Amino acid sequence: MPASKDTAAPQERLTLPAPLPRDFYLQPTLTVARALLGKTLVRRFDDGTIATGRIVETEAYTTDDPACHAFRGITPRTRTMFGPPGHAYIHMNYGLHFCLNAVCAPEGCAEAVLIRAIEPGTNAARLFRNYYPVETTAPLSNDEQEARAQTDRTLGAGPGRLTKALALDRAAEATDLTDPANPVYIADGTEVPEDEIVTTTRIGISKGAELPWRYYIRSSRFVSKR
DNA sequence: TAGACGATAGCCT
DNA sequence: GGCTATCGTCTAA
């Protein structure tokens, strides 16, 4: 894929899909985790540019799940999870990475879907610039173009990577993901056939690790781990 | 208040 | 596959 492909699209010409309604997040959390596959994550940056990503990997965390941060009850960190559905719950882990979750279930019931990977869509070059802030205007060599193509495949592959590419941190905590006026929201996307959805166990947890609550799109090159 | 731990990712062997 | 950077959060004392 040519490196310059996404750089020229005038932002004002973008026609973005409609945000998902709040009712979407009131479905059972496992259903939401599956249904979010193929949906569009829309990010409006401080400079007014917009980038999108197609969600290709999710994990579900429910209120009776020992791996869920809210398992032991409400704390300052988990307050957002106990709030109304359709909001962003963003937490830091390992002191390094932010992870983006969509809050599900009615207010008072703390459940969420972790968005683990996206496929860069509109304005992928903007995501690349966030990931590697030093941008050069010099023509890319063949090796550099190959390295860049490799990075395009991985810059949204993993919860920490995608928040870095989307420049999302605690400032976006509790953002209403159903409001298209917000800096980040989730919109409709493409339908994913049932046989394209892989159900497997979650990654990187010690409690509740046996639960098959991770979902990804089989044919996607952009999932974090198979 | 101190210490342990963690929904990760990059680098090295 | 192993190691580790690095810090917010929680728990125990």
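Reminder, nothing fancy here: chain letters follow the sequence lines and each chain counts from 1. Reckoned from all heavy atoms, side chains included, excluding hydrogens, waters and symmetry mates. The structure presented is a predicted model; accordingly, all values stated were derived computationally and were not measured.
When the side-chain contact (heavy atoms from CB on, under 4.5 Å) test is applied to Leu30(A), the partners found at least two apart in sequence or on another chain are Ala60(A), Trp213(A), Tyr215(A).
Across all strands shown, Arg77(A) has heavy atoms under 4.0 Å from sugar-phosphate atoms exclusively, and none from any base.
Of the inter-residue distances, the one linking Thr178(A) atom OG1 with Tyr25(A) atom OH reads 7.0 Å to the nearest 0.5 angstrom.
Grouping Ile, Leu, Val, Met, Phe, Trp and Tyr by side-chain contacts under 4.5 Å, direct or through others, leaves Leu26(A) on its own.
A salt bridge is defined here as a Lys NZ or Arg NE, NH1 or NH2 lying under 4.0 Å from an Asp or Glu carboxylate O, and Asp169(A) with Lys164(A) fails to meet this definition. A salt bridge links Arg34(A) to Glu194(A): one of the charged nitrogens lies within less than 4.0 Å of a carboxylate oxygen.
Interface limits on DNA chain C: the 5'-most and 3'-most nucleotides within less than 4.0 Å of chain A heavy atoms are dA5(C) to dT11(C).
As a whole-Å value, the separation of Glu111(A) CD from dA7(B) P is 17 Å. Taking atom CD1 of residue Ile90(A) and atom C1' of nucleotide dA7(B), one finds them 14 Å apart after rounding to whole Å.
In DNA chain B, runs of at least 3 stacked Watson-Crick or G-U pairs (N1-N3 plus N6-O4 or O6-N4, or N1-O2 plus O6-N3, all under 3.5 Å) give these stems: B:1-6 with C:7-12, B:8-12 with C:1-5.
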(request) Could you encode protein contacts along nucleotides 8-13 of chain B as a string, one character per nucleotide from 5' to 3', using B for base contact, S for sugar-phosphate-only contact and - for no contact, with a heavy-atom cut-off of under 4.0 Å? (result) BSS---
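Judged by distance alone, with hydrogens and angles left aside, the side-chain atoms of Thr201(A) form no donor-acceptor pair with the main-chain N or O of Leu211(A) at under 3.5 Å. Ser220(A) places no side-chain N or O within 3.5 Å of a backbone atom of Ile217(A) that could act as its donor or acceptor partner. Panel note: side chain Thr75(A), backbone Thr78(A); a donor-acceptor pair is recorded below 3.5 Å.
Side chains of Leu166(A) and Ile118(A) form a contact here, defined as non-hydrogen atoms less than 4.5 Å apart.
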Show every donor-acceptor pair shorter than 3.5 Å between a side-chain atom in residues 98-114 of chain A and any protein atom, with sequence neighbours excluded, or say none if there are none.
| unit_1 | atom_1 | unit_2 | atom_2 | d |
| --- | --- | --- | --- | --- |
| Asn101(A) | ND2 | Tyr89(A) | O | 3.0 |
| Glu111(A) | OE1 | Thr29(A) | OG1 | 2.4 |
| Glu111(A) | OE2 | Thr63(A) | N | 3.2 |

